[in-house]
*Asks:* 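Here you go, one structure.
In this text, all values refer to a predicted model and were calculated from it rather than measured experimentally.
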Amino acid sequence: MRQLASIKTIRELNPITGADKIERAVIDGYDCVVKKGQFNVGDPCVYFENDSILPKDNPEFAFLEGKRIRIKRLRGVYSYGIAFPLTILPNGTYNVGDDVTELLKVEKWEPEVIAVGNRRQNDNLIRVPYPSWIPKTDETRFQTIIDVLKDYEGVECVVTEKLDGTSTTHWLDDEGKYHVASRNREIVDESEIFYRGALAANIPELMKKLPRGTVLQGELIGPGIAGNKYNLDKFKIYMFNLRSSINKKFVNPVDSASFLRANGFDVVPIVHEKWRLVADKDKLLELSMGKSKLNPKQHREGIVIRPVEDIYVEDLKGWFVDGRLSFKVINPKFELGVN
């Protein structure tokens, strides 16, 4: 589970060329620009991740005006998130690793999905909860788990493109009925963009060939979704997860891609079929950079990295979907919106 605000340690402090008032802190695997002299190496801090929205009625955060925290580039340094001293917290005892998201009333920014030619997603629609028995599609950023990755350096992985759309989950129940869900809820209104996207991509028909209980997860892209960066004239869904109806586990990325293609599904583009894992933040960020395979004029959003053969790890913090080693690396050029 993603911790938008948590107690972390300042691991390093490094000077920034040409800068007298700021320096580069290393917090987990994140580079974060801070005021010079504000922290010492080893100090705890309250770290807010990108896409956090801090309450503007709190005087400590008023300068952010309720806007989401985004990546910045300062004096050539990519800066992720914001670090504050522990003095912003209410009186109490805090330890490194504590999640203070709820305590500080931090919310997660979510991109708006607009149903073209139809009402917006929040207008008088039936609300059905996301099925609790299916893991959600959230991938953890590599910076959060950089220490975990060190234990798996050299493992052979598949690197796929992370598409900039909206994730969807599809499954067949025990009676063979098709279901679709957005990131947070099941969709029961066939006029909604998620259902219409599935129909346009022929997902319900394709799934009829599959065993009941099969779960697929993919990225819905097209008109009205995240600015339609791939210049599509109709909806498409590129699958990235296949969950077996037999053992209720995800199938490894190689076998799932092969199975899905053989059954007529589109699969997220592969960036590297065989790549040896390294736990080096600079190399991972460099790997994430490049143009999209779906639109060479557009920077790709990033990459998702998974071992060729699934690895399950002890996961007390809920960092990994279904306990399976898997993570994302967001392309900083994409986040900054540069050409």
*Asks:* Is there a path of hydrophobic side-chain contacts, each under 4.5 Å between heavy atoms of I/L/V/M/F/W/Y residues, joining I71 to I16?
*Replies:* no
*Asks:* Flag the pair E139 and R306 as a salt bridge only when some basic side-chain nitrogen lies within less than 4.0 angstrom of an acidic carboxylate oxygen.
*Replies:*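 Looking at E139 and R306, the cut-off is met.
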*Asks:* Rounded to the nearest 0.5 Å, how far apart are OG of S52 and CD of Q3?
*Replies:*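 Spacing of OG (S52) from CD (Q3) equals 11.0 Å.
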*Asks:* Should F259 and Y238 be regarded as members of a common hydrophobic cluster, given that ILVMFWY residues are connected when their side-chain heavy atoms come within less than 4.5 Å of each other, either directly or indirectly?
*Replies:* yes
*Asks:* For the residue pair H170 and Y178, establish whether any side-chain heavy-atom pair is separated by less than 4.5 Å.
*Replies:* yes
*Asks:* Rounded to the nearest 0.5 Å, what's the gap from NZ on K105 to CG on L4? Could you check?
*Replies:*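 K105 NZ to L4 CG: 16.0 Å, rounded to 0.5 Å.
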*Asks:* Do you know the tightest heavy-atom contact between C32 and A83?
*Replies:* SG-N, 3.9 Å
*Asks:* Is any side-chain N of the basic residue among K208 and E205 closer than 4.0 Å to the acidic one's carboxylate O?
*Replies:*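 Yes, this pair counts.
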*Asks:* Do the side chains of R185 and E192 get close enough for a salt bridge, i.e. N-O under 4.0 angstrom?
*Replies:* yes
*Asks:* Is I330 isolated, or which residues cluster with it under the ILVMFWY side-chain rule of less than 4.5 Å, directly or via members?
*Replies:*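 Members alongside I330: none; it stands by itself.
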*Asks:* Give a yes or no on whether D282 atom CG has more than 12 heavy-atom contacts from other residues, nucleotides or ligands under 6.0 Å away.
*Replies:*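 Yes, enclosed.
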*Asks:* Mind checking the CG-CG spacing from D255 to L260? Nearest 0.5 Å is all I need.
*Replies:* 10.5 Å
*Asks:* Would V158 and V254 count as a side chain to side chain contact (heavy atoms under 4.5 Å, CB included) here? Give the steps.
*Replies:* CA-CA 8 Å; V158 175; V254 175; 3.8 Å; yes
*Asks:* Please tell me if the side chains of T169 and L216 come closer than 4.5 Å, counting only heavy atoms from C-beta onward.
*Replies:*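 Counting from C-beta outward, T169 and L216 never come under 4.5 Å.
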*Asks:* Verify the cluster assignment for L103 and I69: are they in a single hydrophobic cluster under the rule of side-chain heavy atoms below 4.5 Å apart?
*Replies:*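 Linked, L103 and I69 end up in one cluster.
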*Asks:* Would F265 and L242 show up in the same hydrophobic cluster when neighbours are defined by side-chain heavy atoms closer than 4.5 Å?
*Replies:*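 Yes: a chain of side-chain contacts under 4.5 Å links F265 to L242.
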*Asks:* Report yes or no: does R300 contribute a side-chain atom to a donor-acceptor pair with the main-chain N or O of M289 at less than 3.5 Å?
*Replies:*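 A pair under 3.5 Å: yes.
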*Asks:* Could you tell me if the side chain of I303 sits less than 4.5 Å from the side chain of I305, heavy atoms only?
*Replies:*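 Yes, at least one pair of side-chain atoms sits under 4.5 Å.
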*Asks:* Ion pair present between E65 and K56, side-chain N to carboxylate O less than 4.0 angstrom?
*Replies:* no
*Asks:* Could you check if a side-chain atom of N241 sits within less than 4.5 angstrom of a side-chain atom of R324, using non-hydrogen atoms only?
*Replies:* yes
*Asks:* F48: which residues meet the ring pair (Phe, Tyr, Trp, His ring centres under 6.0 Å) condition with it, sequence neighbours left out?
*Replies:*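 For F48 the ring pair (Phe, Tyr, Trp, His ring centres under 6.0 Å) partners, ignoring immediate neighbours, are F61, F84.
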*Asks:* For the residue pair P204 and A198, what are the closest heavy atoms and their distance?
*Replies:*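 P204 and A198 have their closest heavy atoms at CD-O, 3.4 Å.
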*Asks:* Mind checking side-chain contact (heavy atoms from CB on, under 4.5 Å) for K136 and listing every partner two or more places apart, or none if nothing turns up?
*Replies:*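 K136: side-chain contact (heavy atoms from CB on, under 4.5 Å) contacts with Y130, N184.
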*Asks:* Using only atom types and a distance under 3.5 Å, with no angle test, would you say the side chain of S79 pairs donor to acceptor with the backbone of V33?
*Replies:*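 Judged by distance alone, yes, a pair lies under 3.5 Å.
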*Asks:* Without swapping roles, check the side chain of D43 against the backbone of N40 for a donor-acceptor pair under 3.5 Å.
*Replies:*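 A pair under 3.5 Å: yes.
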*Asks:* When you look at D138 and R183, which way does the salt bridge (charged side-chain N to carboxylate O under 4.0 Å, His left out) test go after all the steps?
*Replies:* CA-CA 9 Å; D138 291 335; R183 186 183 300 275; 2.8 Å; yes
*Asks:* Are the side chain of R73 and the backbone N or O of Y78 linked by a donor-acceptor pair below 3.5 Å?
*Replies:*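 Answer holds: no.
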*Asks:* Could you walk me through whether E156 and L277 satisfy the side chain to side chain contact (heavy atoms under 4.5 Å, CB included) test, starting with their C-alpha distance in whole Å, then the side-chain angles of each, then the deciding distance to 0.1 Å, before giving a yes or no?
*Replies:* CA-CA 6 Å; E156 191 170 80; L277 178 60; over 6 Å; no
*Asks:* Can you name the closest pair of heavy atoms from S167 and T137 and give their distance?
*Replies:*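 That closest heavy-atom pairing would be OG-OG1, 2.9 Å.
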*Asks:* Can you tell which of F39, Y80, Y30 makes a ring-ring contact (aromatic ring centres under 6.0 Å, His included) with Y47?
*Replies:*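 The residue from F39, Y80, Y30 that satisfies ring-ring contact (aromatic ring centres under 6.0 Å, His included) with Y47 turns out to be Y30.
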*Asks:* Do other residues, nucleotides or ligands put more than 12 heavy atoms under 6.0 Å from E286 CD?
*Replies:*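 No - once you tally the heavy atoms of other residues, nucleotides and ligands closer than 6.0 Å, there are 12 at most.
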*Asks:* If every non-hydrogen atom of L206 is compared with every non-hydrogen atom of G264, which pair is closest and at what distance?
*Replies:* CD1-O, 3.5 Å
*Asks:* In Å, rounded to the nearest 0.5 Å, how long is the span from OH of Y152 to CG of L325?
*Replies:*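 Spacing of OH (Y152) from CG (L325) equals 6.5 Å.
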*Asks:* Look up atom CD1 in I225 and atom CD1 in I193, then write down how far apart they are to the nearest 0.5 Å.
*Replies:* 4.0 Å
*Asks:* Flag the pair I237 / T168 as yes when at least one side-chain heavy-atom distance between them is below 4.5 Å, and no otherwise.
*Replies:* yes
*Asks:* Can you tell me how far apart CG (N50) and CZ (R68) are? Round to the nearest 0.5 Å.
*Replies:*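 Nearest 0.5 Å value for the CG-CZ distance: 8.0 Å.
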*Asks:* Can you name the nearest heavy-atom pair linking S244 to N247, along with the distance?
*Replies:* CB-OD1, 3.3 Å
*Asks:* Compare all side-chain heavy atoms of V188 with those of Y195 and state whether any distance is below 4.5 angstrom.
*Replies:*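 With C-beta onward as the side chain, the pair stays apart.
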*Asks:* Strictly distance-based, threshold 3.5 Å: is any side-chain N or O of T214 a donor or acceptor partner for the main-chain N or O of L210?
*Replies:*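 No; judged by distance alone, with no hydrogens or angles, the pair does not exist.
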*Asks:* Honestly, is K249 close enough over Y312, meaning NZ or CZ under 6.0 Å from the six-membered ring centre and within 45° of the axis?
*Replies:*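 Checked: cation-pi criterion met.
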*Asks:* Check whether any side-chain N or O of N95 sits under 3.5 Å from a backbone N or O of D98 as a donor-acceptor pair, and report yes or no.
*Replies:*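 Pair absent, no side-chain N/O of N95 close to backbone of D98.
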*Asks:* Just list the side-chain donor-acceptor pairs under 3.5 Å for residues 266-276, sequence neighbours left out, or say none.
*Replies:*
unit_1: D266; atom_1: OD2; unit_2: K236; atom_2: NZ; d: 3.4
unit_1: R276; atom_1: NH1; unit_2: G154; atom_2: O; d: 3.0

*Asks:* Mind listing the side-chain donor-acceptor pairs of residues 22-29 below 3.5 Å, one per line with the distance, residues two or more places apart or on another chain?
*Replies:*
unit_1: E23; atom_1: OE2; unit_2: G37; atom_2: N; d: 3.2
unit_1: R24; atom_1: NH1; unit_2: D31; atom_2: OD1; d: 3.1
unit_1: D28; atom_1: OD1; unit_2: R11; atom_2: NH2; d: 3.4
unit_1: D28; atom_1: OD2; unit_2: K8; atom_2: NZ; d: 2.8

*Asks:* Surrounding CD of E107 (heavy atoms of other residues, nucleotides or ligands, distance under 6.0 Å), is the total greater than 12?
*Replies:* no
*Asks:* Quick one, Q143 and K281 - any side-chain contact, counting heavy atoms below 4.5 Å?
*Replies:*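 A side-chain contact under 4.5 Å is absent here.
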*Asks:* With clusters defined by side-chain heavy atoms of hydrophobic residues (ILVMFWY) lying less than 4.5 Å apart, directly or transitively, does L64 cluster with W109?
*Replies:*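 No, it is not one cluster - the side chains of W109 and L64 are not joined through contacts under 4.5 Å.
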*Asks:* D164 versus Y230: any side-chain heavy-atom pair under 4.5 Å?
*Replies:* yes
*Asks:* Just do the salt bridge (charged side-chain N to carboxylate O under 4.0 Å, His left out) check on K108 and E102 with the steps written out, would you?
*Replies:* CA-CA 11 Å; K108 184 179 184 300; E102 291 187 11; over 6 Å; no
*Asks:* Any idea which heavy atoms bring P44 and I7 closest together, and the distance?
*Replies:* CB-CG2, 4.3 Å
*Asks:* Above 12 or not: heavy atoms from other molecules or residues under 6.0 Å from NZ of K248?
*Replies:*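 For K248, atom NZ is crowded (more than 12 foreign heavy atoms under 6.0 Å).
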*Asks:* Does the pair E314 and F320 meet the rule for a side chain to side chain contact (heavy atoms under 4.5 Å, CB included), with working shown?
*Replies:* CA-CA 9 Å; E314 185 177 358; F320 303 107; over 6 Å; no
*Asks:* Applying side-chain contact (heavy atoms from CB on, under 4.5 Å), name anything that partners V321, two or more places apart in sequence or on another chain.
*Replies:* P135, F250
*Asks:* Please test E12 against N14 for side-chain hydrogen bond (donor to acceptor under 3.5 Å, both in side chains), starting from the C-alpha separation and ending with a verdict.
*Replies:* CA-CA 6 Å; E12 298 178 25; N14 300 290; 3.3 Å; yes
